[in-house]
Structures are given as C-alpha cells and as structure tokens.
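Quick caveat, the model's predicted, so the values are computed rather than measured. Remember, it's 1-based here, ligands and their atoms both numbered in the order they're listed.
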Amino acid sequence: MTVLVLATGNPGKLREIQPYLEGLSWDLKLKPEEIEVDEVGITFAENAALKASQVAIATGNWAIADDSGLEVTALDNAPGIFSARYGTSDADRIERLLRELGDRPDREARFVCAIAVARPDGAIAMQTEGICPGEILLAPRGEGGFGYDPIFFVPEKGLTFAEMPPAMKQEVSHRGRAFQALLPQLKALES
Ligand code: ITT
C-alpha cells in the first residue's frame, strides 16, 4: 500500500479527516510533528497546496493537506485564512469574533475548506474545495466538534456544527463537501 501522510497538526481536523480515508487502500500516516510549514499563501487553495507539497517533499511520500476557515460577510470575510491565527485558543477566537461582530443583524458566514494532495516530489496531483453556508449565533451552542463550531449555525439542519452528530457534520460541512469531491479522484488513483 502506498503511504499517504496527513499533513495536519490540528487534532480536530484529524478526527474528521481520518474516517474519509480509512476505507481506501492507502497506508495513512501522521505528519511528524517537527515538520512545520509557513502558511504564506493568500488563499485557502494556495495554503493547502503549500502544506501538502512541503510535507510530501520532507517525508518523501504522498501527502494530503486541509486549509480551512470561517468567512464572515459583515467583517469583510475575516477571519478567513487567518482563522487559526485569530486568537490563542478556541474560546479566545470565538470570543473575539463575537466581540467584533457585536449585535450586527447581518450574521451571514461560510466555512471554506481546500484540500490538496501532493506526489512525493511535491507536485500537486489533486485539489478540491468545499463550502458550507451558515450564520454566526450571538452565543455558543453545543459541545461537539472543534474551533468555531459552537457559534456556526446551519439553517438547513437547524443546528450548530457543535450540536450535530459527527455523521451530520460530515454530510453538510465544508470539509465533507471537499472530500465528497476528492474521494472519487483518490480512488481512481489506487486502481
Ligand atoms: P493545520 O494547518 O496543521 O492543518 P490549523 O488549525 O493551523 O492546522 P488552518 O490554518 O487550516 O489549520 O486553520 C483552520 C482554522 O479554521 C482552525 O484552526 C479552526 O479555528 C477553523 N476551522 C476550520 N475548520 C473548522 C471546522 O470544521 N469547525 C470549526 N472551526 C474550523
């Protein structure tokens, strides 16, 4: 089986990505902690490609990376690609977002996820993107998930990401949608 290195240091993402890949004939390995990639791109797609490519080169294996974040319309799409760098903990990031948005009536937001797969030489073999539209609540709701999940409400389901069972988040989330597009391509490569 060909090794595929999962290029993330975020345990929340890891928990969500692993189930998508487990049914496939790839030998999944975690990124060694010491490999750090500077996210200097200006789009989710660029940063996903950078992470996949640099981890592939550093390990000499195929690598898969996720770059994702939350865009809030009334904040000019912030925090966007800076979602992880918006604060020092999940609670801190949520608190800052709620503070900056205040009681503005326009609560429209979307989660975006770009996935990139790189060959061992760093060349990008596949890229997909998924988007999930939603709204920012006035206060957190739910205990599941990670990151901004407790304040991200999905009208289609009437729940926040943090209130959804994992399978439901998988079905509607930005990451789920990016993987739904990617999996047929990954499967095609196996055969
Ligand atoms: P890696 O680069 O190591 O994968 P990271 O956390 O730095 O980990 P990103 O740069 O892609 O990853 O930042 C994504 C941030 O966006 C993440 O830290 C969360 O704060 C947020 N985020 C992404 N997907 C999310 C989700 O499904 N639910 C809640 N927050 C999410």
Quick check on Arg85 - does any of its heavy atoms sit under 4.0 Å from an atom of ligand 1? no

Taking atom CD of Glu36 as the centre, report whether more than 12 heavy atoms of other residues, nucleotides or ligands fall under 6.0 Å from it. no

Could you tell me whether the side chains of Ser53 and Arg119 share a donor-acceptor contact shorter than 3.5 Å? no

Closest to atom 1 (P) of ligand 1 among protein heavy atoms sits Thr8 OG1, 3.5 Å

Any Leu70 heavy atom less than 4.0 Å to ligand 1: no

Considering Ser83, Ser68, Ala7, Pro11, which one's heavy-atom position lies nearest to atom 14 (C) of ligand 1? Ser68

Which segment of Phe146 sits under 4.0 Å of ligand 1 when only heavy atoms are counted: both

Less than 4.0 Å is my threshold; does some heavy atom of His174 fall inside it relative to ligand 1? yes

Using a strict cut-off of less than 4.0 Å between a Lys/Arg side-chain nitrogen and an Asp/Glu carboxylate oxygen, indicate whether Glu129 and Arg177 qualify as a salt bridge. no

Indicate whether the side chain of Ser83 and that of Arg93 have a donor and an acceptor atom separated by less than 3.5 Å. no

Which of these, Arg175, Lys51, Lys13, has its nearest heavy atom closest to atom 2 (O) of ligand 1? Lys51

Taking CD in Glu143 as the centre, count heavy atoms belonging to other residues, nucleotides or ligands within less than 6.0 Å. Is the count above 12? no

Among Gly176, Ala84, Gly145, Gly80, which one puts a heavy atom closest to atom 15 (C) of ligand 1? Ala84

Between Phe161 and Tyr148, is the gap from one ring center to the other below 6.0 Å? no

Give the residue and atom name of whichever protein heavy atom lies nearest to atom 31 (C) of ligand 1, and the separation in Å to one decimal. Phe111 CE2, 3.4 Å

Any N or O on Gly9 sitting closer than 3.5 Å to an N or O of ligand 1? yes

In terms of residue, atom name and distance, what is the protein heavy atom nearest to atom 27 (O) of ligand 1? Lys169 NZ, 2.7 Å

Could you tell me whether Arg96 sits above the aromatic face of Tyr86, with NZ or CZ closer than 6.0 angstrom to the six-membered ring centre and within 45 degrees of the axis? yes

Tell me: protein heavy atom nearest atom 6 (O) of ligand 1, and distance? Asn10 ND2, 2.9 Å

